[in-house]
Every structure is written in structure tokens, then in C-alpha cells.
Amino acid sequence: MQNIGLKKSFAFGTTMLFIVVCTIPSINADVSELNICGGSILYVGGSGPGNYSKIQDAIDFASDGDTVFIYNDSSPYFEHVEINKSIILMGEERSSTIVDGTGEISVISVFADDVNIMGLTIKNSSSDGIYVNGSNHIDIIGNVISNNGRNGILLKHSSESYVIHNVISSNDNTGIMLAVSSSNCISHNNFLNNDIHALFTTFSFSNRWNENYWDDLSGRSLKIIPGILFGITFPLVIPWVNFDWHPMDGPDENPIAIMDTNMGTMTLALYEDKVPVTTDNFIRLSNDGFYEGIVFHRVIDDFVIQGGGYDEDGSRKQSPYGTIDLEIHPDVRHVDGAISMARTSDPNSATSQFFICDGKQPHLDDSYAAFGKVIAGLDVLGDIASVETTMKHGMQDWPVDEVIINSIIIVD
């Protein structure tokens, strides 16, 4: 542990403060560069040997932990997809990798836990764009979900799922419906032109709505999300509400980073609109695979977790792009979960190294370049921050058991 005085001084001489990240290319990246940690990759719609022509065929052949990657070359895919395994379903580029339900039943139905759906346009169902029933830990990230006859997304008997960074638009009933679904996170989505943007019903408790854009919201500092509780023994209907306490002023067009570690996954909002040079440097390194396999080499509970420049054996890794200038924005502060660049005593010396704040660190504001924050996975951040540390490779506060980045996916 480090005392308060040391935390506030934040002076390391020529030592950089930084955090670890492993990399996977962006959803828009060249698929040949993909390096998804864990499981096999099954390809759909490409021209190479072994590619499947239908998404469902690839899912049927997949095993838990696999990734089904869908090229946009053969888009649109006119299918109704059922997922009954714990897999990643990933499109090459969300605006051009289209799964079309042909005006019939739900486009994608999920009946398994631990499913990730990202990088797709999901549209044209008479029912739901994505239907989740009895499944938990479902991540719906970075999709366009539009023009469905009932709901863009229906979560039914689902908990601890994340709906992040989607465009949910022009759905006839609701953009997202939660039914008997609790402890879910709905964050950083754009809700546009739905009949009703969001609704929850029938014992859906403790759901977190935060920093979404709602096109029907004007002049208010919070978004009211209606809910209906149905009586069990008679048709009593009781209206109730949830709130998005921090709705966005305009559509969210910033990228996010999905950082997977051997201790869990964190999703980070990146503020490219406010801190463009710093954010683009991080994205470029991530897409290059620079951070892959790097460890969190310096961990201090209630302060920061650090990485970005050391492998497990203590060998140093240098950015190929050199230094970037210090970039500060008054609206991007060192809040709990903030990601920020490390540097030496020279303000313009940041390269690849970065840190994530475990708790608010306001004494770092205006001295270090914060450029995003954790929007899902603060529990993982806390777990990493509390690991046992020791002196290793000549450095203090190195975790006894290595904390390793498996992958980073940048979702535009």
C-alpha cells in the first residue's frame, strides 16, 4: 500500500505511471489481424476455405468460448439466429454487416449465458431484434438495432447483462424492454425514433441507466424511464419509473474499448471528441496489438492500477510512435475508473503507458491526460486493485500473481 502523502505527490522521477491493456483490433479492422483470446474463430461469409455461408451453421458447429466472425462481403444475411452456447457473435463492421429477419420472428434469440453480440446491424423482424430469455451475462455492444416490429431488444428473465454503445432506432413498440430482469446496465446508447424508447415491467429491479442519448429529451437533466408492475392475482397495473440520471446532450459517436483481463472484463468509454490526440494514440496502439499480453505491473489499492509497458518477465516495451503532447479537457476528470496517460516529469512525454484510477483522484486533474473512464466492470477494477503485491523486477507494487490483459476490442 502507498500512503496518502505519496499518492498526492505523484512524483516518480523518470518512472512512468501506466496501466496494462491487451489488444484486439477494432470492429472496423482487418479481420486477418484478429487475435481473440480463448476459443476458436469460425468465419461466415468470407472467401477463404472453411467459411460458412450461414450464421446459424457456424453457431451450430461452435463450442462454448468460440467466436463466430461475420464478414460483410456476403451481407445482408437473411436469417433467424438462435444462440444456445456461450459464444461471441461479431460482425466485421456494424453498419455494413446486416442480419435481416425478413419481417418474421426475432432476428437473434439468445438461450445461453455469457453471450456477446457486437458489430452488427440487426433489423426487420416482426417481433424483436434481439430476444434474450432466461439468460444472464449477455453483452450487447456496438450494434445498430432498428426497424423491428415490437422491441429492438427484449431482456426477459435476464440479469447482469450489459447493453452498451448501440444505436437503437425506429422500432415499432420499444427500443428496449426489460421484463423480470434485474441488475442490468444500459449505458452510452443512442435511442432514436422508437415509439417508446425504453420500458421495464414485472419485477425488474436495480437496473442501471446511465449516459444514454434520448432524442425525445430536451431541457431536462434526467430521463424518466417508465415501468409497469402487473398484479399477479388480478389485472392491477401500477406505473413506476427509473431514471437515466446523466443523459447525453447529443448522440454518442465516441468509440469504446472492451478490455478483457484474466480477472474479468472492463468496458471503457473513450472521449475522442474531447481528447482526440490522446485517444487516437491509445486506439492505434490497441489496434496494432501493442498491449497484448502486457501485465498490470504496478497496483496500489485506492489509487491506480498501472500498465502499458512491461511483459511478465519485466522486459520493457516501447511505443513505435513516440511521445504525444499533454492534452487536458476540463470535462474529463480523474473520476473513479478514469483512464489517463502516464508520463515523466516532462508534461509532453507520454507514449504508451496509462493508468486507471481506483477511486477519485482529483489531485491528478490538469496534470495528466485523462481520456476516458470505465463504464462497466468497476468491480473488476476493484478486484485488480486489491491483489497482493510485492517487489519484482526491481519495482514495487508488482502483483504476486500476474494480472494480464487478454485482449482489447475497439468498437467505433
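- A 4.5 Å side-chain heavy-atom check between Ile70 and Leu89 finds at least one atom pair inside the cut-off.
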**Derivation and outcome, side chain to side chain contact (heavy atoms under 4.5 Å, CB included), residues Thr97 and Thr121** = CA-CA 6 Å; Thr97 311; Thr121 290; over 6 Å; no
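- Between Val380 and Thr265, the shortest heavy-atom contact is CG2-O, 3.6 Å.
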**Request:** Take Trp214 and Asp244 through the test side-chain hydrogen bond (donor to acceptor under 3.5 Å, both in side chains) and record every step on the way to the result.
**Result:** CA-CA 10 Å; Trp214 314 87; Asp244 184 338; 3.0 Å; yes
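- For the atom pair OH of Tyr131 and CZ of Arg150, the computed distance is 8.5 Å after rounding to the nearest 0.5 Å.
- Taken to the nearest 0.5 Å, the SG atom of Cys185 stands 7.5 Å off from the CG atom of Asn210.
- Panel note: side chain Ser340, backbone Ala370; a donor-acceptor pair is recorded below 3.5 Å.
- Counting only N and O atoms by type, the side chains of Ser169 and Asn193 include no donor and acceptor under 3.5 Å apart.
- The side-chain heavy atoms of Asn281 and Thr279, taken from C-beta on, include no pair separated by under 4.5 Å.
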**Request:** Go through the steps for Val99 and Phe78 under the test side chain to side chain contact (heavy atoms under 4.5 Å, CB included), then give the verdict.
**Result:** CA-CA 6 Å; Val99 187; Phe78 296 100; over 6 Å; no
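- Remark: Lys223 is not positioned above the aromatic ring of Phe243, lacking an NZ or CZ atom under 6.0 angstrom from the ring centre and at most 45 degrees off the axis.
- Between Asn190 and Asp252, the shortest heavy-atom distance links the atoms OD1-N, 2.8 Å.
- A distance of 6.0 Å separates CG of Asn348 from CG of Leu326, quoted to the nearest 0.5 Å.
- Here the straight-line distance linking atom CD1 of Ile145 with atom OG of Ser125 works out to 12.0 Å at 0.5 Å rounding.
- The backbone N or O of Val163 sits less than 3.5 Å from a side-chain atom of Asn189, completing a donor-acceptor pair.
- The shortest non-hydrogen separation linking Ile164 to Ala376 is CD1-CB, 3.7 Å.
- In this structure, the side chain of Ser181 engages the main chain of His157 through a donor-acceptor pair within 3.5 Å.
- A donor-acceptor contact shorter than 3.5 Å is absent between the side chain of Asp114 and the backbone of Ser86.
- Rounded to the nearest 0.5 Å, atoms OG1 (Thr278) and OH (Tyr368) are 14.0 Å apart.
- Under a cut-off of 6.0 angstrom, the local environment of CG in Asp331 is crowded, with over 12 non-hydrogen atoms contributed by other residues, nucleotides or ligands.
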**Asked** Can you list the steps and then say if Lys392 with Glu312 is a salt bridge (charged side-chain N to carboxylate O under 4.0 Å, His left out)?
**Response** CA-CA 10 Å; Lys392 193 185 292 187; Glu312 289 183 63; over 6 Å; no
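- The closest donor-acceptor contact from the side chain of Asn116 to the backbone of Ile140 lies at 3.5 Å or more, if one exists at all.
- Residues Ile410 and Asn287 are in side-chain contact: their nearest non-hydrogen atoms beyond the backbone lie under 4.5 Å apart.
- Looking at every heavy atom in both residues, His188 comes nearest to Ile375 through NE2-CG2, 3.5 Å.
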**Item:** Derivation and outcome, side-chain hydrogen bond (donor to acceptor under 3.5 Å, both in side chains), residues Asp313 and Ser315
**Value:** CA-CA 6 Å; Asp313 62 3; Ser315 59; 2.7 Å; yes
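- Around the NZ atom of Lys360, the shell of radius 6.0 Å holds no more than 12 heavy atoms that belong to other residues, nucleotides or ligands.
- The shortest distance between side-chain heavy atoms of Ile59 and Ile87 falls below 4.5 Å.
- Atom NE2 of His329 is separated from atom CG of Asp365 by 13.0 Å, given to the nearest 0.5 angstrom.
- When side chains are defined from C-beta on, Thr389 does not count as touching Val400, because their heavy atoms never get closer than 4.5 Å.
- Looking only at distances, no side-chain donor or acceptor of Gln361 sits under 3.5 Å from a matching main-chain atom of Leu364.
- The closest side-chain heavy-atom distance from Ile108 to Val81 is below 4.5 Å.
- Minimum heavy-atom separation, Glu327 to Val275: OE1-CG1, 3.1 Å.
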**Request:** Please assess Trp209 against Ile225 for the test side chain to side chain contact (heavy atoms under 4.5 Å, CB included), listing each intermediate value before the final yes or no.
**Result:** CA-CA 9 Å; Trp209 309 79; Ile225 298 153; 3.2 Å; yes
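- Between the side chains of Asp301 and Ser386, no donor-acceptor pair is found at a separation under 3.5 Å.
- With respect to Glu211 and Lys373, a salt bridge is recorded, a charged nitrogen being found less than 4.0 Å from a carboxylate O.
- In this structure, Tyr52 has its ring center at least 6.0 angstrom away from the ring center of Tyr43.
- Thr351 and Gln353 share no side-chain donor-acceptor pair at under 3.5 Å.
- Under the 3.5 Å distance criterion, the side-chain polar atoms of Asp66 are left unmatched by any main-chain donor or acceptor of Gly39.
- In summary, the side chains of Asn136 and Ser159 do present a donor paired with an acceptor at a separation below 3.5 Å, with no hydrogens or angles considered.
- For the 3.5 Å distance criterion, the side chains of Asp215 and His197 qualify, holding a donor opposite an acceptor.
- Judged by distance alone, the side chain of Asp113 and the main-chain N or O of Ile138 form no donor-acceptor pair under 3.5 Å.
- One N or O on the side chain of Asn184 and one on the backbone of Ser158 form a donor-acceptor pair closer than 3.5 Å.
- If you check the side chains of Asp195 and Asn173, you find no donor sitting under 3.5 Å from an acceptor.
- A distance below 6.0 Å separates the ring centres of Phe371 and Phe282.
- Side-chain contact check for Lys85 versus Phe111: every heavy-atom pair is 4.5 Å or farther apart.
- Looking at Ser352 and Ser319, their side chains never bring a donor and an acceptor atom within 3.5 Å of each other.
- Looking at Met177 and Thr201, their side chains come closer than 4.5 Å, going by heavy atoms from C-beta outward.
- Annotation for Asp346: atom CG counts as buried by contact number, over 12 foreign heavy atoms lying within 6.0 Å.
- Panel note: side chain Asn194, backbone Ser170; a donor-acceptor pair is recorded below 3.5 Å.
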**Prompt:** What do the steps show when you test Leu268 against Ile256 for side chain to side chain contact (heavy atoms under 4.5 Å, CB included), and what is the final call?
**Reply:** CA-CA 6 Å; Leu268 299 100; Ile256 63 171; over 6 Å; no
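- With respect to the salt-bridge test (charged N to carboxylate O, under 4.0 angstrom), the residues Asp366 and Arg333 qualify.
- Closest heavy-atom contact between Asp73 and Gly45: CB-O, 3.9 Å.
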